[in-house]
Amino acid sequence: MAVEAKEKGNAAFASGDYAKAAKQFTMAIRFDKTNHVLFSNRSAAYSGCGKYEEALADANRCVKMAPKWGKGYGRKGAALTGLGQGGEA
């Protein structure tokens, strides 16, 4: 189920439907709360929707789960930039 929801989320994100992508990634997270990639993907989707607080929360969770995975820090930077705090990224 998590894989299917992730694939649907990726497809929605690729088509620019960020709200649908966020919903699909949320569903995937319900099935797999330990996958840092899902939090990263949902962070990107939230940023696409302009929901930067939520994007930052997911980016922080991703970084905490996988501190050596650089993409999480990129998501955090994008969320902070959206919040007008890019200098803190």
Side-chain angles (χ1 to χ4, degrees):
M1 292 297 262
V3 172
E4 182 180 330
K6 179 185 176 197
E7 289 172 357
K8 288 180 180 179
N10 287 340
F13 188 90
S15 71
D17 190 347
Y18 304 119
K20 182 176 180 181
K23 287 180 185 177
Q24 290 298 322
F25 293 133
T26 297
M27 187 177 302
I29 288 167
R30 287 184 187 142
F31 292 106
D32 185 357
K33 292 175 176 59
T34 64
N35 187 337
H36 65 280
V37 174
L38 297 176
F39 288 94
S40 172
N41 289 359
R42 189 171 69 176
S43 176
Y46 281 147
S47 286
C49 294
K51 296 181 176 182
Y52 299 112
E53 291 287 344
E54 292 91 336
L56 181 59
D58 275 355
N60 283 334
R61 182 124 184 227
C62 176
V63 166
K64 186 175 181 180
M65 293 169 79
K68 294 184 180 183
W69 193 61
K71 201 171 204 178
Y73 295 96
R75 301 292 192 216
K76 183 174 181 174
L80 287 169
T81 298
L83 290 168
Q85 302 171 17
E88 297 176 28

So which atom in D32 and which in L38 form the shortest heavy-atom distance, rounded to 0.1 Å? O-CD1, 3.6 Å

Smallest separation among heavy atoms of Y18 and G48, with atom names: CD1-O, 3.5 Å

Quick one: closest heavy-atom pair of A28 and A2, and the distance? CB-O, 3.6 Å

Any side-chain donor paired with an acceptor under 3.5 Å for S43 and N41? no

All heavy atoms of A22 vs all of A45, minimum pair found to be N-CB, 3.7 Å

About how many Å separate CE of M1 and CZ of R30, when rounded to the nearest 0.5 Å? 11.0 Å

Quick check for you: to the nearest 0.5 Å, what is the distance between M27 atom CE and Q24 atom CD? 5.0 Å

Does anything in residues 48-60 form a side chain to side chain donor-acceptor pair (under 3.5 Å)? List the pairs, not counting sequence neighbours. R42-D58, N60-K76

Under a 4.5 Å cut-off applied to non-hydrogen side-chain atoms, are P67 and Y73 in contact? yes

Nearest heavy-atom contact between K33 and R61 is O-NH2, 4.0 Å

Restricting to pairs with a member in residues 2-26, which pass salt bridge (Lys or Arg N to Asp or Glu O under 4.0 Å), not counting sequence neighbours? E4-K8

Could you list the residues that satisfy side-chain contact (heavy atoms from CB on, under 4.5 Å) with A44, not counting sequence neighbours? F13, R75

Taking C-beta and beyond as the side chain, do F39 and V63 meet within less than 4.5 Å on heavy atoms? no

Honestly curious: do F25 and V37 fall in one hydrophobic cluster under the side-chain, below-4.5 Å linking rule? no

